[in-house]
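From a predicted model like this one, the values you see are computed outputs, not experimental measurements.
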Amino acid sequence: MNYKLLHIFRNTPFGRETFLQSLYFCKKINAHPVVYIPKTDKFLMYFSNDVVQVNLDNSFLAFPDTAHEHVIALFDEAGIPPRFYEPKDFTASTLPDISSQFDYMCSPRSISDRSSKIGLGLLGPKVRRMIKQATFPILIASPVFKAWKSISVFFGGSSNAMNALVLGLKIAIASGFPLKIYTVLEKDSEEVYRDMVRGSELEELVDQYVNEWCFYESSGFDRMLYEVPHDSLIVLGAYGHGVIKEILLGSKMEYIQSTVTNNLLVTGPNCRISLK
């Protein structure tokens, strides 16, 4: 298990569902979850272009006496040796620095807002900021544990979308699950998108691992979301171009994250994916 996934543990039934998702993800791609049980309600993550202070919802500090044993029990149930993360550096006594040297990170849709907002499909501002700055993909867990059995890559032709395609192929190779590409045609024809792949080093892998490439007219975007299997891991890139989209996730991403309950694996603009 060479890859490491950072998981911030929340000792509640909701947090258990999120951790089950991390365990499942890691088992499928041969990675190892590393669990941080927070002792304070905030921490810092240093990225190359930004420092993100995460203010945790109070539920992350719930029942500290049982948090460790609950994590151990879930590791045992998954058959994975437990591994914990303890911060070594502190910016202040109650402000630990959490390493950003991980390969993946699992996050609920929000880590600093009330659960009532999560139920509405909202993505918290801290999660958005981590997606924007992280050099690794972030797994946005479904509200309850859902085993995924296929991979769906949303490909719109941008550099970020190409990054998502590389990530989708990487997950397909590791998990052995089938992969489909979904593309909404904007102004270009199917051949334009296919040529993007033909002209890349991914052509051979796409021929080998992609079961189907589904195209939709722009008016069929909602139909596409409905036709993506409910138990499929959706892989997509976040953020478009321009000032407004630098603040937001990109209009399509905003709509997708508030509409589907699938697990999402998101690559941000600073995310670098290697097939190795």
Side-chain heavy atoms under 4.5 angstrom apart, residues restricted to Ile, Leu, Val, Met, Phe, Trp, Tyr: same cluster for Y3 and L265?
yes
Please list every donor-acceptor pair under 3.5 Å in which a side-chain atom of residues 195-204 meets a protein atom from a residue at least two apart or in another chain.
unit_1 : atom_1 : unit_2 : atom_2 : d
D195   : OD1    : R198   : NH1    : 2.6
R198   : NH1    : E191   : OE1    : 3.1
R198   : NH2    : E191   : OE1    : 3.4
S200   : OG     : V197   : O      : 2.8
S200   : OG     : L202   : N      : 3.1

Just checking, any donor-acceptor pair under 3.5 angstrom between side chains of S59 and D57?
yes
With salt bridge (charged side-chain N to carboxylate O under 4.0 Å, His left out) as the rule and sequence neighbours excluded, what pairs involving residues 223-232 come up?
R223-E227
Would you mind reporting whether R10 and T18 have side-chain heavy atoms less than 4.5 Å apart?
no
S150 and F177 have their tightest heavy-atom pair at CA-CB, 4.1 Å
Do any pairs count as a side-chain hydrogen bond (donor to acceptor under 3.5 Å, both in side chains) and have a residue in residues 61-78, sequence neighbours left out, and if so which ones?
N11-T66, N11-H70
With rounding to the nearest 0.5 Å, note down the distance linking CD1 in I37 to CG in L61.
11.5 Å
Checking K146 side chain against N263 main chain: does a donor-acceptor pair fall under 3.5 Å?
no
Could you tell me if the side chain of Y182 sits less than 4.5 Å from the side chain of Y216, heavy atoms only?
yes
Who clusters with L95? Use side-chain heavy atoms, under 4.5 angstrom, across I, L, V, M, F, W and Y, and order the result by chain and number.
L44, Y46, V51
Assigning hydrophobic clusters by single linkage (Ile, Leu, Val, Met, Phe, Trp, Tyr; side-chain heavy-atom cutoff under 4.5 Å), is L74 placed with F84?
yes
side-chain contact (heavy atoms from CB on, under 4.5 Å) assessment of V235 paired with S152
CA-CA 6 Å; V235 183; S152 300; over 6 Å; no
For the atom pair OG (S107) and CD1 (I131), what is the distance rounded to the nearest 0.5 Å?
7.5 Å
Group every Ile, Leu, Val, Met, Phe, Trp and Tyr by side-chain heavy-atom contacts under 4.5 Å, then state whether V144 and W148 land in the same group.
no
In the structure I gave you, are the side-chain heavy atoms of L205 and D207 within less than 4.5 Å of one another anywhere?
no
Measure the shortest side-chain to side-chain distance between M105 and I8 over non-hydrogen atoms and say whether it is less than 4.5 angstrom.
yes
So how far is it from L6 CG to Q101 CD, rounded to the nearest 0.5 Å?
11.5 Å
Heavy-atom distance under 4.5 Å between the side chains of V228 and V260, does that happen here?
no
How about M224 and V184: do any of their side-chain heavy atoms sit closer than 4.5 Å?
yes
Just wondering, more than 12 heavy atoms not from Y226 lying within 6.0 Å of its OH?
no
Please report the shortest heavy-atom distance between G168 and V153, naming the atom on each side.
CA-CG2, 3.7 Å
The test is side-chain contact (heavy atoms from CB on, under 4.5 Å); show your working for V166 and T267 and say whether it passes.
CA-CA 10 Å; V166 176; T267 66; over 6 Å; no
Under a plain distance cut-off of 3.5 Å, with no hydrogens placed, do T135 and R272 share a side-chain donor-acceptor pair?
no
Check: L56 main-chain N/O paired with D41 side-chain donor or acceptor under 3.5 Å:
no
Whether the side chain of D97 engages the backbone of M45 through a donor-acceptor N/O pair (distance < 3.5 Å, no angle test) should be reported.
no
Does F145 form a ring-ring contact (aromatic ring centres under 6.0 Å, His included) with Y24? I'd like the steps, not just the answer.
CA-CA 9 Å; F145 172 70; Y24 182 83; 5.7 Å; yes
Taking every non-hydrogen atom, the tightest pair across K4 and D103
N-OD2, 2.8 Å
Taking atom CD of E217 as the centre, does the number of heavy atoms from other residues, nucleotides or ligands within less than 6.0 Å exceed 12?
no
Answer whether the closest heavy-atom distance between the side chains of L236 and I256 falls below 4.5 Å.
yes
Test ring-ring contact (aromatic ring centres under 6.0 Å, His included) on W213 and Y193 and set out the steps.
CA-CA 10 Å; W213 193 334; Y193 294 92; 7.3 Å; no
Heavy-atom closest contact (A238 atom, P269 atom, distance)
O-CD, 4.2 Å
If you take the centroid of each ring, where Trp contributes its six-membered ring, are F25 and Y104 closer together than 6.0 Å?
yes
Sequence neighbours left out, what passes ring pair (Phe, Tyr, Trp, His ring centres under 6.0 Å) with F75? Give chain and number order.
F19
Pairwise distance CD1(I181) to OH(Y209) - rounded to 0.5 angstrom
14.5 Å
Kindly say whether N211 contributes a backbone atom to a donor-acceptor pair with the side chain of K180 at under 3.5 angstrom?
no
Roughly how far apart are I98 CD1 and K88 NZ, rounded to 0.5 Å?
12.0 Å
Assess whether side-chain contact (heavy atoms from CB on, under 4.5 Å) is satisfied between R83 and V35, documenting all intermediate values.
CA-CA 6 Å; R83 189 179 296 179; V35 174; over 6 Å; no
List the atom of I273, the atom of P137, and the distance in Å for their closest heavy-atom pair.
CD1-CG, 3.6 Å
Rounding to 0.5 Å, atoms CG (L167) and SG (C271) come to a distance of 7.0 Å
Which residues satisfy the side-chain hydrogen bond (donor to acceptor under 3.5 Å, both in side chains) test with N270, sequence neighbours excluded?
none
Do P33 and L23 have side chains that approach each other closer than 4.5 Å (heavy atoms only, starting at C-beta)?
yes
So if you build clusters from Ile, Leu, Val, Met, Phe, Trp, Tyr with side-chain heavy-atom gaps below 4.5 Å, do F90 and V52 land together?
no
Test side-chain contact (heavy atoms from CB on, under 4.5 Å) applied to F154 and L225, step by step
CA-CA 10 Å; F154 288 1; L225 293 183; 3.8 Å; yes
Side-chain (S232) to main-chain (I234) donor-acceptor, under 3.5 angstrom:
no
Could you label the plane-to-plane angle of the Y85 and Y36 rings as parallel, tilted or perpendicular, counting under 30° as parallel and over 60° as perpendicular?
perpendicular
Okay, side chain of S100, backbone of F47: is any donor-acceptor separation there less than 3.5 Å?
no
Give me the atom names and distance for the closest heavy-atom approach of H7 to C106.
ND1-CB, 3.8 Å
